[in-house]
**Student:** 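Dumping the structure here so I can ask a few things about it.
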There are 2 protein chains.
Amino acid sequence: MNQRLPVSGAQGDLLRLVATGRAESRADLARLSGLAASSVSLRVEELISLGLLGEEGSGASRGGRRPRRLRLSPSAGVLAVADLGAHHARLGLLDLSGAPLVVEERPCEIARGPEATLDLLSDAFDELLAVHVPDDVPLRGVGTGIPGPVDPATSRVVTPSRMPGWNGFPVAEHLGLRYDLPILVENDANLMAAGEARHWPGCDNLMVLKAGTGIGCGVIVNGHLHRGRGAAGDISHVRVRSDSSVLCACGHPDCLEAYASGAALMSALADAGITVARPADIVSLVDDAIPEATSLVRGAGRRIGEVLTVLVNFFNPDVIAVGGSLSAAEPLITSIRAAVYERCLPLATRDLEIAPARAGRDAALLGAGALLLEAALV
Amino acid sequence: MNQRLPVSGAQGDLLRLVATGRAESRADLARLSGLAASSVSLRVEELISLGLLGEEGSGASRGGRRPRRLRLSPSAGVLAVADLGAHHARLGLLDLSGAPLVVEERPCEIARGPEATLDLLSDAFDELLAVHVPDDVPLRGVGTGIPGPVDPATSRVVTPSRMPGWNGFPVAEHLGLRYDLPILVENDANLMAAGEARHWPGCDNLMVLKAGTGIGCGVIVNGHLHRGRGAAGDISHVRVRSDSSVLCACGHPDCLEAYASGAALMSALADAGITVARPADIVSLVDDAIPEATSLVRGAGRRIGEVLTVLVNFFNPDVIAVGGSLSAAEPLITSIRAAVYERCLPLATRDLEIAPARAGRDAALLGAGALLLEAALV
DNA sequence: CGCTTCATCTTCGATTTCGAAGGAAGTGGA
DNA sequence: TCCACTTCCTTCGAAATCGAAGATGAAGCG
């Protein structure tokens, strides 16, 4: 049941507005699309008779007649999305409004190479589809996040670290052999940013920091993901000020990652005689008020904050959302805030919000859905 | 002769495409606007009969019939644009394709306050119009650059340094009292970036560095000026790594401006017993191979490059254009390049060009024209 | 309760845009 | 030179879109 959406032009725009939750009624659509109300009515009627859109009760009055609420029909289709990590993949199915139908996590060694990994992924998708989706509901798109840089022009992985065999691999092309559908391949931090963006209505410029084993960052400019040449947002190898000198795996001294990533904190804790298995365990240590852990997290936050200082002055975002497994540690955000507010221009921090991410663990999957809906589905 | 352009919707789009030089023929317009060729012909015919557009000879064949070249009629109108500096204003008139008709520089103390300065500006505009523009050619828009932050939402100056009396002043509103026309007010580095952008066709993401008395920076994302909350691109108060510690006028230690601005270099030269009047004089010293000057400029370039490192990783621009009076010093760009290429991710520098600005001394004026044409003129 | 006001949505004729077809004007190869 | 082919531009009927007017349903108010 693979099938491209049979919509084009104006119809597609309207469908997208409903799918992304920006519009709920014909009147909303008229306001947002710029089309005349009459044209909207016509197109909506067509979309309903195509079975893509449905009417469902009525919305809240804004002082006059209540709008008839429009929703994507559940049978309009589903999206299959995944977020590949080093040792496991998070994957699931979304409906066409981008809401998750089912999400699960499977072990998956990315080091086994692209073919094996992607085939495992496709098989998992097929399983989920067979179990959770009726036969007459078509798959409309496939998207996946990759823990490394993706060239936006070619959808190929470029110079990834810790992903042997993936360099230059045409991921989208390979998935396209199995699915004749819109395919999205994107860096995982970028997907997370796209997912987070939907939770900050009215904020067009945001940075999403992913503090986990590594440090990732995605950038939304003007409501759209900024890709640059494929590495945009990569701040992990920025040089930080420091008294000592630590050599990073990349060959340069004093990279942010070597001081403030979950991996760096874990190894520093080990030096202090405290062994933890995952970055998330550091959060528990902080919650238990273990001084070594708290001090380390605070130092990491300060270092991250110092780097963000430059970026806040330069980019002036509305929001910096901090996610990833380390973000649950209270002192992290606090010390990031302190560093940024102390050193940045008042004009840049005037209305700047530095807050925990809102999209939760499935942010990357939701982001993949959002990008598929916005960009890929015509 | 003030008059808003009598165009709307599709007509305006087409006019803009011709004005900005992106389209030269009906066929170009059809390709770029997305309209059908037949619709383009209709609208163009209207624009010609309105006297806004004219046909002028024919262009180069692309293998078939030669296109009839379209140009904005010289009588379609003019724009009045200015770039305010601390002690003088550069101002001029542009035709509707953004090309300068006349440019001049006048002494103008910005410290005399907004009313006096803006009235002087308007008087200068009126003079130029009277001398250089026939009575039947209307003024279509007015734009000016300000050497300080401008809130994009309100077009007010916010927390400027060295501009007493300007804080919170509604510049656009004030000019609007005298001209019932589209008014543009923008930070000077931003205008320079907008002007530079036109000289880098195909490059959608660029940073323009202005190295003069101060250090300014404008950012073009996706072909459009990025404003953020009004301070975007302001990197002059970013903290740099250094052994010593210098206190900047802003109250923080070790700002980039305190080490690498023309003002900082001049004061360092003075300490070495070499007195110069303007940053441009430093360039002559470098050309004469005065070791102190060369070494200072090289150090400034390295420091600027180190800051750019962070921004290149984060933003992944296609081009960094270096302008301003110091940019003529060869070692500046060389050492910026060295710092950036040494430390940035290969993916980010793969196709990155770091080059002297191309738009010349009138960059800001051209930028004002470009922004007026793109944004203000409907 | 009836009245006014408001926002939503539809109807219908006027306008704009499209797209297929074709004429005009050029290039390049046999 | 002729002829095939390309690109540019226009013509004209078909289709999409608009906008004014009105119908619909709900909230607010005396």
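Each chain gets a letter, A, B and so on, in the order its sequence line appears, and its residues count up from 1.
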**Student:** Where the side chain of Arg65(B) is defined as all heavy atoms beyond and including C-beta, which of dG19(C), dA25(C), dT17(C) is the nearest nucleotide?
**Tutor:** dA25(C)

**Student:** Does Arg66(B) or Arg26(A) map to a spot on DNA chain C nearer the 5' end, using the closest nucleotide for each?
**Tutor:** Arg26(A)

**Student:** What's Gly59(A) touching, base or sugar-phosphate or nothing? Going by heavy atoms closer than 4.0 Å.
**Tutor:** nothing

**Student:** Does a side-chain heavy-atom distance below 4.5 Å link Leu366(B) with His199(B)?
**Tutor:** yes

**Student:** Categorize Ser61(B) for me: base, sugar-phosphate, or nothing, with a 4.0 angstrom heavy-atom threshold over every strand shown.
**Tutor:** sugar-phosphate

**Student:** What I'd like to find out is whether the side chain of Leu191(B) reaches to under 4.5 Å of the side chain of Leu184(B), using heavy atoms alone.
**Tutor:** yes

**Student:** Check whether any side-chain nitrogen or oxygen of Arg62(A) sits under 4.0 Å from OP1 or OP2 of dT8(C), and answer yes or no.
**Tutor:** yes

**Student:** Of Leu42(B) and Ser38(A), whose closest DNA chain C nucleotide lies nearer the 5' terminus?
**Tutor:** Ser38(A)

**Student:** Once you apply a heavy-atom cut-off of 4.0 Å, does Ser25(B) come out as touching a base, just sugar-phosphate, or nothing?
**Tutor:** sugar-phosphate

**Student:** For chain A and DNA chain D, what are the first and last nucleotides along the strand, 5' to 3', with at least one atom under 4.0 angstrom from a heavy atom of the protein chain?
**Tutor:** dA16(D) to dA27(D)

**Student:** Are any non-hydrogen side-chain atoms of Ile220(B) and Asp204(B) less than 4.5 angstrom apart?
**Tutor:** no

**Student:** Which comes earlier along DNA chain D counting from the 5' end, the contact point of Pro67(B) or that of Arg43(A), where each point is its nearest nucleotide?
**Tutor:** Pro67(B)

**Student:** Would you check if Arg229(B) and Asp151(B) make a side-chain contact, meaning some heavy-atom pair closer than 4.5 Å?
**Tutor:** no

**Student:** Quick one, Leu72(A) and Leu15(A) - any side-chain contact, counting heavy atoms below 4.5 Å?
**Tutor:** yes

**Student:** For a 4.5 angstrom cut-off between non-hydrogen side-chain atoms, does Arg26(B) reach Arg69(B)?
**Tutor:** no

**Student:** Is any side-chain heavy atom of Ser75(A) less than 4.5 Å from a side-chain heavy atom of Val137(A)?
**Tutor:** yes

**Student:** With heavy atoms under 4.0 Å as the rule, sort Arg69(B) into base, sugar-phosphate or nothing.
**Tutor:** nothing

**Student:** Using atom CG of Leu35(A) as one end and atom P of dT10(C) as the other, report the distance to the nearest whole Å.
**Tutor:** 15 Å

**Student:** Answer yes or no: does a side-chain N or O of Arg68(B) lie under 4.0 Å from OP1 or OP2 of dA25(C)?
**Tutor:** no

